[in-house]
Amino acid sequence: MGDTNGQVVAGGNGQGNRLDQLNYPIDVLIDKETDSLIICDWKNRRVARWSRRSGTTQGEILIDNIICLGLAMDDQRYLYISDPNKHEVRRYQLGDKNGTLVAGGNGKGAGLNQLNYPTYIFVDQQQTVYVSDQNNHRVMKWNKGAKEGIVVVGCQGQGNALTQLSYPQGLFVDTLGTIYVADMVNNRVMRWPKEAKEGTVIVGGNGKEAGANQFNCPWGLSFDRHGNLYVADRSNHRVQRFSIE
């Protein structure tokens, strides 16, 4: 906190596909067990792991030949990856290359057993998988072992009403089942209490600009342990922090 300069912890050697390079890294998580970063290296079609120990100069490839857009890890250290080209989410044991289908996988579509360009994902302690189903403008919940999902946010199609989303991205679910989602084209972050029929706008929703209460394509979101919300405000080229009650 308070730093004005960051420190490069992965990549930083230009755009490319060498082990010391990244190409459009789009999501990242910290694996505390190995003190490493696991990175969706999107345009290199791979998932890479970089140790956080000082002196690390390159990463290792965990999974390749995958269009990875969203990443999550559960308490058992299973890795979950969304593949928007295959319209599916798979779960991987670290070291496993093939994975197990946990959401979608029945072609592109709007059925309850389908996804249409899944982006960000969140996995809770019961291994329930929540998916931002971007081109269906909804958030889906897939219980462990389920053959189809449940629409939990955005069952009214694309729009900007409080019952709707427009190209949802970043996703977080708290222990009460409250869903937070970056509603990208509506330039807002929404909060949906468990089983609510409509959400509330908690930040943004004030037009597509660069003011302190505005976004231009909010993309990723995260919370710290103090309840502060961090939003990757993509087209404003910044990260914003908000104190949420």
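What you are looking at is a predicted structure, and each value in this text was computed from that prediction instead of being measured.
- Tyr78 and Tyr130 end up in different hydrophobic clusters when Ile, Leu, Val, Met, Phe, Trp and Tyr side chains are linked at under 4.5 Å.
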Test log, rule side-chain hydrogen bond (donor to acceptor under 3.5 Å, both in side chains), inputs Asn65 and Arg45:
CA-CA 5 Å; Asn65 199 27; Arg45 299 173 60 98; 3.0 Å; yes

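- Within a 6.0 Å radius of CD in Glu195, other residues, nucleotides and ligands contribute 12 heavy atoms or fewer.
- Tracing side-chain contacts under 4.5 Å through hydrophobic residues (I, L, V, M, F, W, Y), one never reaches Leu71 starting from Phe172; they form parts of separate clusters.
- By the rule that hydrophobic residues join a cluster once side-chain heavy atoms approach within less than 4.5 Å of another member, Val181 and Val203 end up as members of one cluster.
- With hydrogens and angles ignored, the 3.5 Å screen pairs no side-chain donor or acceptor of Thr119 with any backbone N or O of Gln134.
- For the pair Asp83/Arg90, no side-chain contact is recorded, criterion being any heavy-atom separation below 4.5 Å from C-beta on.
- Heavy-atom neighbours of Trp219 CH2 from other residues, nucleotides or ligands within 6.0 Å: above the threshold of 12.
- Annotation for Gly104 and Leu101: closest pair O-CD2, 3.4 Å, computed over non-hydrogen atoms.
- Between the side chain of Gln240 and the backbone N or O of Gln214, at least one donor-acceptor pair lies under 3.5 Å.
- Within a 6.0 Å sphere centred on NZ of Lys97, heavy atoms belonging to other residues, nucleotides or ligands number more than 12.
- We find the OG-CD distance between Ser54 and Gln7 to be 9.0 Å, quoted to the nearest 0.5 Å.
- Asp41 pairs with exactly one of Arg49, Arg18, Arg46 by the salt bridge (Lys or Arg N to Asp or Glu O under 4.0 Å) rule, that one being Arg46.
- Note that CZ of Arg91 is 11.5 Å distant from CG of Leu79, once rounded to the nearest 0.5 Å.
- Looking only at distances, a side-chain donor or acceptor of Arg188 sits under 3.5 Å from a matching main-chain atom of Asn160.
- Between Val153 and Met190, the closest side-chain pair of non-hydrogen atoms is not below 4.5 Å.
- In terms of modelled atom types and a separation under 3.5 Å, the side chain of Asn136 and the main chain of Arg138 share no donor-acceptor contact.
- Asn13 and Gln21 are not linked by any side-chain donor-acceptor pair at a separation below 3.5 angstrom, with hydrogens and angles left out of the test.
- In this structure, Gln125 places its CD atom where only 12 or fewer heavy-atom neighbours from other residues, nucleotides or ligands lie under 6.0 Å away.
- Side-chain contact check for Val231 versus Phe242: some heavy-atom pair is nearer than 4.5 Å.
- Residues Ile81 and Ile63 form a side-chain contact, since some pair of their non-hydrogen atoms from C-beta on lies under 4.5 Å apart.
- Side-chain heavy atoms closer than 4.5 Å link hydrophobic residues (I, L, V, M, F, W, Y) into clusters, and following such links, even through other members, never connects Val123 to Ile150.
- When each of Leu22, Ile67, Ile26 is paired with Cys40, the side-chain contact (heavy atoms from CB on, under 4.5 Å) condition holds for Ile26 and for no other.
- A donor-acceptor pair is defined here as one N or O able to donate and one able to accept, closer than 3.5 Å; such a pair exists between the side chain of Ser51 and the backbone of Arg53.
- A 4.5 Å side-chain heavy-atom check between Trp142 and Val102 finds every atom pair outside the cut-off.
- Put simply, the side chain of Asn187 gets close to the backbone of Val185: a donor and an acceptor are under 3.5 Å apart.
- A heavy-atom distance below 4.5 Å is not found between the side chains of Val131 and Leu171.
- A donor-acceptor pair under 3.5 Å is absent between the side-chain atoms of Asp233 and the main chain of Arg238, judged by distance alone.
- Side-chain atoms of Gln169 never come within 3.5 Å of backbone atoms of Met184 as a donor-acceptor pair (strictly under, hydrogens ignored).
- Side chain to side chain, Gln114 and Asn106 fail the donor-acceptor criterion of an N or O pair below 3.5 Å.
- The shortest side-chain heavy-atom distance between Ile179 and Val152 falls under the 4.5 Å cut-off.
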Please lay out, stage by stage, how Tyr230 and Asp224 fare under the test side-chain hydrogen bond (donor to acceptor under 3.5 Å, both in side chains).
CA-CA 8 Å; Tyr230 298 78; Asp224 67 18; 2.9 Å; yes

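- Two rings, from Tyr180 and Phe223, have their centers less than 6.0 Å apart.
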Stepwise, does the side-chain hydrogen bond (donor to acceptor under 3.5 Å, both in side chains) test hold for Ser166 with Gln158?
CA-CA 5 Å; Ser166 186; Gln158 183 183 12; 3.0 Å; yes

Run the side-chain hydrogen bond (donor to acceptor under 3.5 Å, both in side chains) test on Gln127 and Gln76 for me, step by step, so that the C-alpha distance in whole Å, both residues' side-chain angles and the decisive distance to 0.1 Å come before the verdict.
CA-CA 9 Å; Gln127 295 183 318; Gln76 282 79 50; 3.2 Å; yes

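- Distance alone, capped at 3.5 Å, is enough to place a donor-acceptor pair between the His87 side chain and the Tyr117 backbone.
- Judged by distance alone, with hydrogens and angles left aside, the side-chain atoms of Asp3 form no donor-acceptor pair with the main-chain N or O of Gly6 at under 3.5 Å.
- Under the 4.5 Å side-chain heavy-atom criterion for grouping Ile, Leu, Val, Met, Phe, Trp and Tyr, Val139 is not connected to Val89 through any hydrophobic cluster.
- No side-chain heavy atom of Val173 sits under 4.5 Å from any side-chain heavy atom of Thr178.
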